[in-house]
Structure formats: C-alpha cells, structure tokens
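Okay, structure first, notes after.
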Amino acid sequence: MGLKERCPIIEFKDLGDERGKLVVVEGGQSIPFDIKRVFYIYGSDSTVIRGQHANKESEFILINVAGQSKVRITDSHEEFVVNLDRPMIGVYIPKMVWKDMYDFSEDSVLLVLASTHYDGAEYIRSYDDYQEMMK
Ligand code: TYD
C-alpha cells in the first residue's frame with residue numbers, strides 16, 4: 001500500500017446547524033484507534049518546523065481546529081504534504097511514519113489525538129536513524 005493510502009485524510013461528521021458547527025471524532029469509529037491522549041499546539045508561526053519525528057508505538061490524528069498548518073509526511077521513500085485548512089478534516093499518521101508540521105497561521109490550533117500515553121522513548125528524533133531503520 002502506498003504512503004497516501006496508509007495516511008488517509010478523514011472527513012469527520014459535521015453536525016452543524018443554524019446555531020453553529022459541531023464536529024465529532026469517535027475513537028475506534030471514525031478513526032482507527034482508541035484515543036488515550038489529546039494535546040494541541042498553538043502559538044507557532046510560519047517560521048517554525050515542529051514534529052520532526054516518527055513514533056515506534058503511537059498513531060495520531062492531526063486536526064487544525066482553528067487556523068491552518070501543513071504537515072509533510074514521509075516514510076523515507078515516498079513523501080506528500082497535507083494542508084490542514086478545515087476543522088472537519090484530519091490526517092491519520094500510523095506508527096513509523098515521519099512528520100514535520102510547518103506554515104502555521106497565527107491563529108492555528110493543531111489538535112492531536114494519540115493512541116498512546118506519552119513515552120519519550122518511543123520517539124525517533126534523528127532522521128538519519130529513521131532512514132536507517134526504514135531501509
Ligand atoms: P515535541 O514532541 O517536541 O512536540 P512536537 O510534536 O510539536 O514536535 O514536544 C515538546 C515537549 O513536550 C517535549 O519536551 C516533550 C513534551 N511532551 C509531553 O510531555 N507529552 C506529550 O504528550 C507531548 C506530545 C510532548
């Protein structure tokens with residue numbers, strides 16, 4: 001399976017009505033894992049690159065609930081960029097896939113749903129090491 005197929009963009013249910021928008025993400029249903037952790041990144045801008053890691057154990061969903069950012073996704077063989085520019089779309093990032101988040105708008109709030117509790121030891125933060133592991 002190609003990298004894009006392994007990292008699908010998921011469109012979440014928008015239950016908006018005349019009162020406003022409501023987007024639902026259900027663990028194990030609209031996304032392929034149960035959610036153990038939620039974090040969000042804001043206050044970044046167009047000068048920074050975040051992420052720059054792959055994870056041995058964690059799966060993620062990235063959603064820009066406000067503003068916009070981009071995520072560059074690679075398995076060291078293929079690469080593609082997702083524009084996270086709407087609050088009802090997310091991208092699934094499986095284990096052992098490298099991601100860089102960048103081009104944050106000033107109002108960007110990037111919500112991340114994770115399949116694991118935090119464990120710094122499962123992060124691969126050297127791209128050289130990652131490339132070696134993916135050979
Ligand atoms: P970092 O992984 O560098 O963030 P990004 O995904 O944007 O690259 O995390 C920044 C700091 O926060 C780092 O010291 C680890 C810590 N951290 C936690 O303690 N728990 C978490 O769930 C996350 C994502 C990070």
Side-chain angles (χ1 to χ4, degrees):
M1 211 195 292
L3 183 63
K4 272 194 173 177
E5 286 73 47
R6 292 175 57 220
C7 305
I9 292 168
I10 302 172
E11 189 125 355
F12 301 112
K13 259 198 198 150
D14 185 347
L15 305 178
D17 56 30
E18 64 285 352
R19 298 169 301 166
K21 302 287 191 189
L22 190 159
V23 178
V24 184
V25 182
E26 292 213 47
Q29 296 192 8
S30 52
I31 63 169
F33 57 80
D34 287 330
I35 299 161
K36 283 217 178 133
R37 177 165 49 117
V38 173
F39 56 95
Y40 41 93
I41 294 166
Y42 63 99
S44 293
D45 62 25
S46 61
T47 67
V48 297
I49 304 177
R50 303 199 56 127
Q52 302 188 284
H53 44 61
N55 292 73
K56 294 180 190 165
E57 300 298 337
S58 299
E59 300 163 63
F60 300 98
I61 296 279
L62 273 56
I63 304 168
N64 254 105
V65 293
Q68 303 183 13
S69 71
K70 295 191 179 81
V71 54
R72 186 184 309 112
I73 297 170
T74 182
D75 61 4
S76 83
H77 304 288
E78 293 178 69
E79 173 183 313
F80 70 104
V81 172
V82 178
N83 283 321
L84 295 171
D85 57 1
R86 285 173 290 147
M88 70 293 290
I89 63 159
V91 61
Y92 170 63
I93 303 196
K95 295 174 192 178
M96 291 304 288
V97 168
W98 188 273
K99 60 248 174 247
D100 300 320
M101 295 88 84
Y102 62 103
D103 252 5
F104 297 90
S105 62
E106 279 191 13
D107 59 347
S108 170
V109 181
L110 178 59
L111 177 70
V112 184
L113 312 175
S115 64
T116 59
H117 294 300
Y118 183 71
D119 171 11
E122 60 112 7
Y123 279 68
I124 303 158
R125 290 185 180 273
S126 152
Y127 193 72
D128 287 346
D129 291 352
Y130 176 67
Q131 265 186 318
E132 201 55 42
M133 294 168 92
M134 295 304 285
K135 266 185 187 161

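Atoms within each ligand, like the ligands themselves, are counted from 1 in listed order.
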Every residue of the protein that comes under 4.0 Å of ligand 1, judged on heavy atoms: Arg37, Phe39, Ile41, Arg50, Gly51, His53, Tyr118, Tyr123, Arg125

Cation-pi geometry met for Arg50 and Tyr102 (6.0 Å, 45°): no

Residues Tyr92, Glu59; criterion side chain to side chain donor-acceptor pair (under 3.5 Å); working and verdict: CA-CA 7 Å; Tyr92 170 63; Glu59 300 163 63; 2.5 Å; yes

Those residues that, when tested against Asp34, pass side-chain contact (heavy atoms from CB on, under 4.5 Å) (two or more places apart): none

Centroid separation Tyr130 to Tyr123 less than 6.0 Å: no

Working for side-chain contact (heavy atoms from CB on, under 4.5 Å), residues Lys56 and Met96: CA-CA 5 Å; Lys56 294 180 190 165; Met96 291 304 288; 4.1 Å; yes

N/O donor-acceptor pair under 3.5 Å between Gln29 side chain and Glu26 backbone: no

